[in-house]
Amino acid sequence: MPSRTASSRPVRTAAALAALVLSACTGPSARLGVGVPVGPFSVGVGVGSGGVSAGVGTGVGPVGVGVGMHPSGQVTGGVGVGASVPMGGAHVGAGVGSSTVLHDPYRPPQPPAPAAPSSDSPPMQWRDSHGRIVPECQARGGC
């Protein structure tokens, strides 16, 4: 079984950090985050235009995924691609990605949209065995 090299860890850490930071985004914006590797995951905090968020991310190679939570209770999930370089005792990285809101406790539930009848199709007509039109009340036994 091949062992992990020390050079793959910065890329994994940056990918996880990028995913963590990007998971806090709900649109294009700049973010800054700090992640601490904990086994195969990175636990961190991000700050940006949407405020502070905390989350967990993981990655394989340059690809990372993460889940973040804002203080308001909003939960986001994201995926990203990133890279890093060692600077002193830390790694500095950058990444790009996309995220979506998984849960928002303050967004009211959306009622299901009623099925609108199509204006293109004619109304349904009942026909007897000879092809003659039958009134709907007769077809349902109500006439």
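Only a predicted model underlies this, so the values are computations on that prediction, with no experimental measurement involved. Sequence positions, counted from 1, serve as the residue numbers for this chain.
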- Query: Minimum heavy-atom separation for Ser72 to Pro105, with atom names?
  - Reply: O-CG, 3.6 Å

- Query: Are more than 12 heavy atoms from other residues, nucleotides or ligands located less than 6.0 Å from atom CZ of Arg107?
  - Reply: no

- Task: Answer whether the closest heavy-atom distance between the side chains of Val75 and Val101 falls below 4.5 Å.
- Result: no

- Message: Strictly distance-based, threshold 3.5 Å: is any side-chain N or O of Ser53 a donor or acceptor partner for the main-chain N or O of Met69?
- Response: no

- Message: For a quick test of reading the model, state the closest non-hydrogen atom pair linking Val52 to Pro71 and the distance between them.
- Response: O-CD, 2.9 Å

- Hey, what do you get for CZ (Arg132) to CZ (Arg127), rounding to the nearest 0.5 Å? 11.5 Å

- Message: Using side-chain contact (heavy atoms from CB on, under 4.5 Å), reason through Asp128 and Val134 one step at a time and then give a plain yes or no.
- Response: CA-CA 6 Å; Asp128 65 9; Val134 175; 3.8 Å; yes

